[in-house]
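Worksheet: one structure, shown below.
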Amino acid sequence: MKKAYPFIKEYNPAQQAVINSGYLECDENYIISIPTASGKTVLGVLAALKVLQQGGKIIYAVPLISLQNEKYKEFKVFEQFGYKVGKTPRNSDIAVMIFESFDITTRQANTINDVDLVIIDEFHMIGDYSRGPTIECAITRMRENNPSTRLIALSATLKNMDELANWLDATVVTHDFRPVPLNKEVLCTEEFQTKDKNNIVFKILNDSLNDSSQMLTFVSTRRFTESLAKKMADKISKKLPDDKKETFNIIAEKILDVQRKRNNQPTEVCYMLADCVRNGVAFHHAGLFDKQKEIIEDEFKEGNLLMITATPSLMYGVNLPSKNVVIRDYNRWTDQGQMPIPVFDFEQMAGRAGRPGYDTEGNAYLIAKSLDEAYNLDEFYLHGDIEQTTSKLIDNNDAVLKQIITQVSSGFANNLEDLIGFFNKTFYAYQIQNSYNDMGFNFNDETIKYEISTSIEYLIENGIIRLTPSGFQTTPFGILISRNNYSVKTAIRLKDYIKHMGDEFNVGSVIYEISSTKAVPKINTKYRANKDNIREVLGRNNVFIAQVSNNEATAASLIEWINERRENEIENYLKVYAASTRRSSYEASNLVKFMRDICDVLGFYTYTNDLDILSARLYYGVKKELIPLVMGVKRLGRQRARSLVDVFGDDLSHVSHDELTKVDGIGDKIATKIVEFYQQ
């Protein structure tokens with residue numbers, strides 16, 4: 001513990017309360033609920049180390065890949081003591097896994113039986129629509145298949161803690177200690193004699209500069225993160241001392257070097273971000289390159305940036321504490337339009353305020369435009385209760401379908417009664433049972449039985465499950481779905497598309513189809529997308545559309561990508577956030593592989609070769625003729641491959657090592673690899 005957390009001299013009151021409860025002496029399930037930045041991870045690690053010293057295995061489950069990477073790096077220190085840290089329990093002593101990977105592991109009886117402790121971080125996510133059902137069913141399956149495994153859930157404050165504790169047979173320890181006291185306040189533009197919320201944001205930024213502190217500001221959209229950052233950077237620039245400007249300029253060059261080091265021109269968004277950073281202000285959203293987000297996060301943690309403007313998604317990402325947190329926009333866009341954020345989300349954002357070890361207090365500010373609005377916000381957010389955590393399992397129909405397939409394909413269920421038995425052990429069933437009892441009714445499983453029966457009919461109709469004399473069985477198509485993380489409805493959509501592909505393989509049509517699924521991350525349009533150019537790219541590839549949304553922008557961007565356009569060219573031509581292109585193309589490549597697998601199980605082999613080629617083109621961002629070269633020579637990359645083919649043609653087998661090194665960007669090592677590739 002001293003090696004991993006050298007800054008901890010003694011356990012704080014919240015941690016000590018958990019330890020004093022007998023937490024480390026017993027093997028009971030625990031729910032630990034203490035405020036953000038109060039050291040929940042340390043408590044999880046204490047229990048993990050006890051198990052490791054007894055020769056056991058641990059899974060540490062988190063909802064996001066960014067958190068997985070953060071915890072993986074944090075725990076790597078334990079390898080100095082002989083414990084293997086990895087991302088699967090098959091080859092590690094402590095496995096840091098995202099919820100979806102943990103869910104897959106619970107289906108493997110041999111693997112899960114070797115696990116002695118599961119730690120669920122961000123346990124409040126069990127009430128989330130998308131990830132909640134996954135972790136709920138993973139916990140249910142784990143407890144059913146290996147009831148001796150200890151479960152420790154780490155969470156922010158939850159309203160219905162007793163309900164969750166009863167479901168898990170867990171001991172609950174809560175504490176309100178914060179290492180840095182938090183002040184929460186609603187600020188009103190009327191009181192500051194202004195009509196513009198941004199003037200209040202600037203006042204707090206100016207105060208932060210004067211007392212050498214930092215601030216996070218949450219707004220509702222990507223566009224607002226950019227526009228606010230630009231306004232704040234312009235206004236604060238005149239007040240910056242020279243030494244700070246020097247630091248900010250170094251960070252700005254790092255931002256631009258992300259693309260320069262790839263021999264690419266920075267995009268318009270890169271330049272805008274760098275210009276803001278030169279004045280100590282950064283924006284942070286999903287439309288940036290991953291490396292740029294990492295630079296912003298690392299520099300902010302080091303105290304080298306004044307302010308980050310961000311979308312609410314940052315509250316669930318990596319830990320970025322700041323003395324001041326400003327929530328300028330308390331509405332966000334949802335499928336139902338603009339909606340106010342829940343009290344729970346406000347608490348998550350506000351909880352970022354106060355840097356342990358740096359600040360003596362943290363401040364969270366919510367901004368209102370009128371006194372009436374300020375009063376309402378104060379009542380609702382500062383003095384209101386957080387929402388009940390409710391299971392979203394049955395609300396998320398695709399999650400129900402996936403879990404049914406999982407139970408059948410894993411051999412855990414082969415009839416309706418088995419399936420109902422499993423779902424009756426979920427948190428959803430527990431909550432329904434409590435609701436019935438509160439209303440004076442006896443609980444029965446008719447609600448669950450109806451949902452399961454309806455879902456099974458749908459799965460049978462779509463050739464995923466079949467009835468046999470021995471009960472339910474998954475078809476080859478169903479087994480394929482169970483082994484992948486793709487939604488059931490995405491798989492069915494692709495199956496139906498494959499059956500109607502016709503006599504000619506249309507690259508544009510396939511890309512448009514996969515871009516319309518939820519499996520491919522969207523390459524979003526900017527505020528003023530070039531809709532005519534998006535239509536032109538799609539039309540050139542025999543895809544004719546009326547409306548332009550993010551699906552169409554994604555498809556057009558991916559088409560440009562496989563035709564070897566660079567990100568800055570895609571961004572300038574289509575007016576999209578092209579930094580997302582590589583992420584989207586990677587997922588699109590995997591989804592095309594999944595389509596090819598569907599073709600195999602359907603016995604539809606006409607286009608399997610075309611799909612293999614398209615998958616490779618999406619992954620590497622190349623035209624067809626470059627595929628052998630970029631696949632055969634590791635780390636060559638599409639740009640150097642194109643330079644070589646432009647000089648020597650498609651076949652480089654006749655080209656000498658010395659001739660290769662005369663091409664710009666081709667050094668001795670790469671030239672040697674190319675020669676070896678053609679000698680195989």
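All heavy atoms count here, side chains included; hydrogens, waters and symmetry mates do not. The chain is numbered in sequence order, starting from 1.
- Every residue two or more places apart in sequence or in another chain that forms a ring pair (Phe, Tyr, Trp, His ring centres under 6.0 Å) with Tyr381 is listed here: Phe346.
- Salt bridge absent: Glu552 and Arg535 never bring a charged side-chain N and a carboxylate O closer than 4.0 Å.
- No donor-acceptor contact under 3.5 angstrom links the side chains of Thr194 and Asp196, judged on distance only.
- In this structure, Glu253 pairs ionically with Arg278, as a charged nitrogen and a carboxylate oxygen lie closer than 4.0 Å.
- The residues Arg582 and Glu567 are annotated as salt-bridged, a charged nitrogen and a carboxylate oxygen being separated by less than 4.0 angstrom.
- Checked by atom type, the side-chain pair Asn304/Thr247 shows no donor-acceptor distance below 3.5 Å.
- Salt bridge present: Asp257 and Arg260 bring a charged side-chain N and a carboxylate O closer than 4.0 Å.
- In this structure, the side chain of Arg262 does not engage the main chain of Asn264 through any donor-acceptor pair within 3.5 Å.
- Atom CG in Leu614 sits 11.5 Å away from atom NZ in Lys624 (nearest 0.5 Å).
- Residues passing the salt bridge (Lys or Arg N to Asp or Glu O under 4.0 Å) test with Arg566, sequence neighbours excluded: none.
- A cation-pi contact, defined as under 6.0 Å to the ring centre and within 45° of the axis, is absent between Lys203 and Phe192.
- Remark: Lys293 engages Asp290 in a salt bridge (Lys or Arg N to Asp or Glu O under 4.0 Å) (not counting sequence neighbours).
- At a cut-off of 3.5 Å, with distance as the only test, no side-chain donor of Asn568 or Gln265 sits close to an acceptor on the other residue.
- When the ring pair (Phe, Tyr, Trp, His ring centres under 6.0 Å) test is applied to Phe594, the partners found at least two apart in sequence or on another chain are Tyr486.
- For the pair Lys235 and Phe202, the cation-pi test (distance below 6.0 Å, angle within 45°) is passed.
- Qualifying salt bridge (Lys or Arg N to Asp or Glu O under 4.0 Å) partners for Glu373, counting only residues two or more places apart in sequence or in other chains: none.
- For Arg328 and Phe224, the positive end sits near the middle of the six-membered ring, less than 6.0 Å away and at most 45° from its axis.
- The side chain to side chain contact (heavy atoms under 4.5 Å, CB included) test applied to Arg540 returns Glu536, Val537, Glu560, not counting sequence neighbours.
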For this session: Verify side-chain contact (heavy atoms from CB on, under 4.5 Å) between Asn530 and Asn572, making sure each step is shown before the conclusion.
Result: CA-CA 9 Å; Asn530 195 322; Asn572 291 337; over 6 Å; no

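- Put simply, the side chain of Arg131 gets close to the backbone of Pro63: a donor and an acceptor are under 3.5 Å apart.
- Remark: of the listed residues Arg642, Arg638, Arg617, Arg642 is the sole one forming a salt bridge (Lys or Arg N to Asp or Glu O under 4.0 Å) with Glu564.
- By the side chain to side chain contact (heavy atoms under 4.5 Å, CB included) test, Glu185 pairs with Leu187, Tyr365, sequence neighbours left out.
- Judged as a side chain to side chain donor-acceptor pair (under 3.5 Å), the pairs with a partner in residues 221-234 (not counting sequence neighbours) are, in order, Glu226-His285, Glu226-Tyr577.
- Residues satisfying the side chain to side chain contact (heavy atoms under 4.5 Å, CB included) criterion with Ser101, sequence neighbours excluded, are Met97, Ile98.
- Scored by the salt bridge (Lys or Arg N to Asp or Glu O under 4.0 Å) test, Asp242 finds no partners at all (sequence neighbours excluded).
- Looking at Glu268 and Lys526, a side-chain N of the basic residue comes within less than 4.0 Å of a carboxylate O on the acidic one, giving a salt bridge.
- Annotation: side chain of Arg635 is not in contact with side chain of Lys669 (no heavy-atom distance under 4.5 Å).
- Side-chain N/O atoms of Ser584 and Lys522 include no donor and acceptor closer than 3.5 Å.
- The number of heavy-atom neighbours closer than 6.0 Å to NZ of Lys291, taken from other residues, nucleotides and ligands shown, is 12 or below.
- Qualifying ring pair (Phe, Tyr, Trp, His ring centres under 6.0 Å) partners for Tyr60, counting only residues two or more places apart in sequence or in other chains: Phe75.
- Applying the side chain to side chain contact (heavy atoms under 4.5 Å, CB included) rule to Ser643 yields the partners Val663; only residues at least two apart in sequence or on another chain are considered.
- Remark: the backbone N or O of Ala374 is not paired with any side-chain donor or acceptor of Asp378 at under 3.5 angstrom.
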